[in-house]
2 protein chains.
Amino acid sequence: MVTLKQLAKELNVSISTVSKALNNSEEIGEETVRRVKELAALYNYKPNKVALSLKQNKTKTIGVIIPNILNHFLAKVLFGIEREATKLGYNIITCISNESLEKEKESLQILANGSVDGFILCVAEETQIKNEVDHFRRTISQGLPIVMFDRVAHDVMCDKVIVDDFDATYRATKGLLAENRKRIAFISNVDKLSVGKLRERGYAKAILENHDMELLHLSIKKKDDHQKKVKSFLKKNPEIDGVIAADSSSGIIAINAAINLGKKVPRDMSVIGFASKGDSYHAFPKLTTIRQHAKVIGANAAEMLIHRLQNMHLNEDVKTKIVKTSLIKTKSTL
Amino acid sequence: MVTLKQLAKELNVSISTVSKALNNSEEIGEETVRRVKELAALYNYKPNKVALSLKQNKTKTIGVIIPNILNHFLAKVLFGIEREATKLGYNIITCISNESLEKEKESLQILANGSVDGFILCVAEETQIKNEVDHFRRTISQGLPIVMFDRVAHDVMCDKVIVDDFDATYRATKGLLAENRKRIAFISNVDKLSVGKLRERGYAKAILENHDMELLHLSIKKKDDHQKKVKSFLKKNPEIDGVIAADSSSGIIAINAAINLGKKVPRDMSVIGFASKGDSYHAFPKLTTIRQHAKVIGANAAEMLIHRLQNMHLNEDVKTKIVKTSLIKTKSTL
DNA sequence: ATGAAAGCGCTAACAT
DNA sequence: ATGTTAGCGCTTTCAT
């Protein structure tokens, strides 16, 4: 990489002259500016980012901590973050916590050494279960703002971007009730997460508004054979005529399992699930889905963090942004 | 963030004494070391990463350029890269090229300003179609090594990690032939990629080794309705009794479509496809899959790059590492 | 209009 | 054993 020093030497001027010329300072003579810019272009000079960061005490880099990048929703949020950050001139350093509290702490620690200006993160499962938040608070008090998305620690004062999970399943369940479904089950492999709990409550509220109805909840654990579990559940409860799936796989699997058991979907059973467009194609008929607009969530988070970074002096109050879900009706409901 | 300067002041010693003490230099007195470390711990001192990078002219950061993070395979490779890099003390800055040549060039440019020590990347689709490689060469000649994975530019001299795509489909096709399948189709939405071409050739070779057999190739375009296209293809060619799917969706969709058309899988038709374990669960019966060991690919790429970074002076020859696929036989084949 | 110098935080060669 | 100094690449204030 060429440096200002080398350019200065070759042009027989001082370093500061070169610097000013490249930054279009009024102070420098027209002719000099021309010569400097010419040589800089020739050598493809780019200001050294590290030196700039040191000088200006900001890196224009955001630390992103994701629990699991193989989760399609989280990957999509990351996509949204990257796109918005790039648009606004920021880079992102990505760390994967693997749902581990320890790794989350570590990533926060390591990047808080001057590598990034702030964080966007989704709280790890273990962190949510143990309800630890000190590491977040410590980071914030060090002057590094955090924006949390999806799974958030409610008692940490920071900006947040969340989904109206409760409302989403409440409305979806209401939709199945409107189809006159009588036995609606709830299937989830995210029971332990804050969002999973909200989704369950939305379902429960809609069901319990009817005197004669009962909850029916199938909880999938990590180690379970997802397919088998769902299939035997549907077999054991043949009266099920509706399914609300709280994660991105259960809906697809429920449709396929039902068909495998000889049911017609949606004639005998309706299914609504959280899923991306791509995944919804993995079932015949296509899954009626609750879309979370992951990219929008990501873009919002990036936008919020960068806004805060660029207005640190204002010390604005923290905000929580709620991104609405959409119910995309296709063929797995009436 | 506390700096050496502040610690030095508070301890009434010089900055270099503090620095040496913290770096366990022999020069410093035992008692001083103790005092310094104590205060550093109290203030939770961490060396400023940016200052270190500037001083040592290396960032311990890798630039990763991924064409599409919503592609499960690529996300998994990223996972592998992140894990290995973290293990070896490196951070990763992630850019998403969105399959665009322009964005790929831009990311390379921006990060080559001192932000990273080298790159790991998967060539964008547009770049492969236009066969442009100058930007890679330029980056390398600037002293920033590149490791390419999966889709590579063969005429760029750099380390590479690839999959034995040709062999994978060749053997898979042979497998179907061994089941005595007579009409084996090839379905792909990655025809334009280097890997897609290799996969097609592997299939073609196995088929054409039989005098009486012909190729049958369904090409899915981005804008197509994947489901509809596959279904009508299977309907129009009812004699198909075997499918090799070159991408991660076509296999799942082929099974579901066949069942929808009243076929029994694998009795009437066998299907083998590239897919991850999770996705293979999206079909009943589970898809017999070609696994690419994405995490291993990522880990290898990171390991290769970091090895090169730490041995720049040796100027070692470039290597190409081939990661073998595995055929996981489940229920969609006999 | 141009240049010298200080300083961002750190390390290390070189005094003392 | 401790301190002084220079320097990584850059911007910016303050001379000239």
Side-chain angles (χ1 to χ4, degrees), chain A residues 1-37 39-40 43-61 110-117 142-144 312, chain B residues 1-37 39-40 43-61 110-117 142-144 312:
Chain A
M1 279 192 38
V2 210
T3 64
L4 288 185
K5 202 182 185 178
Q6 291 163 41
L7 295 179
K9 192 172 165 193
E10 190 150 344
L11 290 163
N12 263 313
V13 295
S14 75
I15 294 177
S16 49
T17 302
V18 179
S19 171
K20 285 171 187 166
L22 291 174
N23 290 303
N24 298 311
S25 160
E26 297 294 300
E27 302 178 27
I28 305 298
E30 197 178 317
E31 164 67 5
T32 312
V33 169
R34 206 191 44 68
R35 285 177 59 225
V36 170
K37 288 202 171 171
L39 196 69
Y43 284 152
N44 189 29
Y45 169 81
K46 294 272 175 295
N48 183 309
K49 178 85 180 306
V50 175
L52 278 179
S53 298
L54 182 61
K55 181 81 187 151
Q56 308 179 335
N57 196 26
K58 50 184 182 176
T59 59
K60 295 269 247 168
T61 303
I110 292 178
L111 296 184
N113 64 358
S115 299
V116 303
D117 295 341
Q142 271 176 52
L144 293 167
M312 284 292 255
Chain B
M1 278 191 40
V2 208
T3 64
L4 288 185
K5 202 181 187 178
Q6 292 162 41
L7 295 180
K9 192 172 164 194
E10 190 150 344
L11 290 163
N12 263 313
V13 296
S14 77
I15 294 177
S16 54
T17 301
V18 180
S19 171
K20 286 171 186 165
L22 290 174
N23 290 303
N24 297 311
S25 160
E26 297 294 300
E27 302 178 28
I28 306 298
E30 201 178 311
E31 165 67 7
T32 312
V33 169
R34 206 190 44 69
R35 284 177 59 224
V36 169
K37 288 201 171 171
L39 196 69
Y43 284 151
N44 189 29
Y45 169 80
K46 294 271 174 296
N48 183 308
K49 178 86 179 307
V50 175
L52 277 179
S53 297
L54 182 62
K55 179 84 186 147
Q56 308 180 334
N57 197 27
K58 50 185 180 175
T59 59
K60 296 269 247 169
T61 303
I110 291 179
L111 296 185
N113 64 358
S115 299
V116 303
D117 295 340
Q142 272 177 48
L144 292 168
M312 284 292 257

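Chain A is the first sequence line, chain B the second, and so forth, proteins listed ahead of strands; every chain is numbered from 1.
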Can you tell me the distance, in whole Å, between the [atom1] atom of [X] and the [atom2] atom of [N]?
{"X": "A:Gln56", "N": "D:dG9", "atom1": "CD", "atom2": "C1'", "value": "12 Å"}
{"X": "A:Lys20", "N": "D:dA15", "atom1": "NZ", "atom2": "P", "value": "13 Å"}
{"X": "B:Glu27", "N": "D:dG3", "atom1": "CD", "atom2": "P", "value": "12 Å"}
{"X": "A:Lys49", "N": "D:dT11", "atom1": "NZ", "atom2": "C1'", "value": "17 Å"}
{"X": "B:Lys9", "N": "D:dG3", "atom1": "NZ", "atom2": "C1'", "value": "18 Å"}

Original post:
Does the side chain of A:Lys5 get closer than 4.0 angstrom to OP1 or OP2 of D:dC8 through an N or O atom?
Top reply: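 Answer yes for this pair, as a side-chain N or O of A:Lys5 is under 4.0 Å from OP1 or OP2.
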
**OP:** Ignoring backbone atoms, establish whether A:Asn48 has a side-chain N or O less than 4.0 Å from OP1 or OP2 of D:dC8.
**Re:**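 Indeed not, no polar side-chain atom of A:Asn48 lies that close.
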
Subject >> Of B:Ile28 and B:Ala51, the one whose closest DNA chain D nucleotide lies more 5' >> reply: B:Ile28

Scan [X] against the nucleic acid and name what it touches under 4.0 Å (heavy atoms): base, sugar-phosphate only, or nothing.
{"X": "B:Thr32", "value": "sugar-phosphate"}
{"X": "B:Asn57", "value": "nothing"}
{"X": "A:Val50", "value": "nothing"}

Subject >> More than 12 heavy atoms of other groups within 6.0 Å of A:Lys58 NZ >> reply: no

Subject >> Terminal contacting nucleotides, 5' and 3', DNA chain C versus chain A (heavy atom, 4.0 Å) >> reply: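 Boundary nucleotides touching chain A, in 5' to 3' order, are C:dA1 to C:dG9.
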
Original post:
Per the end-axis method with five pairs at each terminus, what is the bend angle of the helix from C:dA1-D:dT16 to C:dT16-D:dA1, to 10°?
Top reply: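 So the angle between the two local helix axes works out to 60°.
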
Original post:
What's the closest nucleotide to the A:Thr3 side chain, out of D:dG9, D:dT11, D:dA6?
Top reply: D:dG9

**OP:** Give the nucleotide from the list D:dC8, D:dT4, D:dT11 with an atom nearest to the side chain of B:Ser16.
**Re:** D:dT4

Subject >> A:Met1 side, atom CE; A:Lys46 side, atom NZ - distance, nearest 0.5 Å >> reply: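 With rounding to 0.5 Å, CE (A:Met1) is 9.5 Å from NZ (A:Lys46).
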
Original post:
So, A:Tyr43 versus A:Glu10: side-chain donor-acceptor pair below 3.5 Å or not?
Top reply: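 Looking only at side-chain atoms, A:Glu10 and A:Tyr43 do form a donor-acceptor pair, the distance falling under 3.5 Å.
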
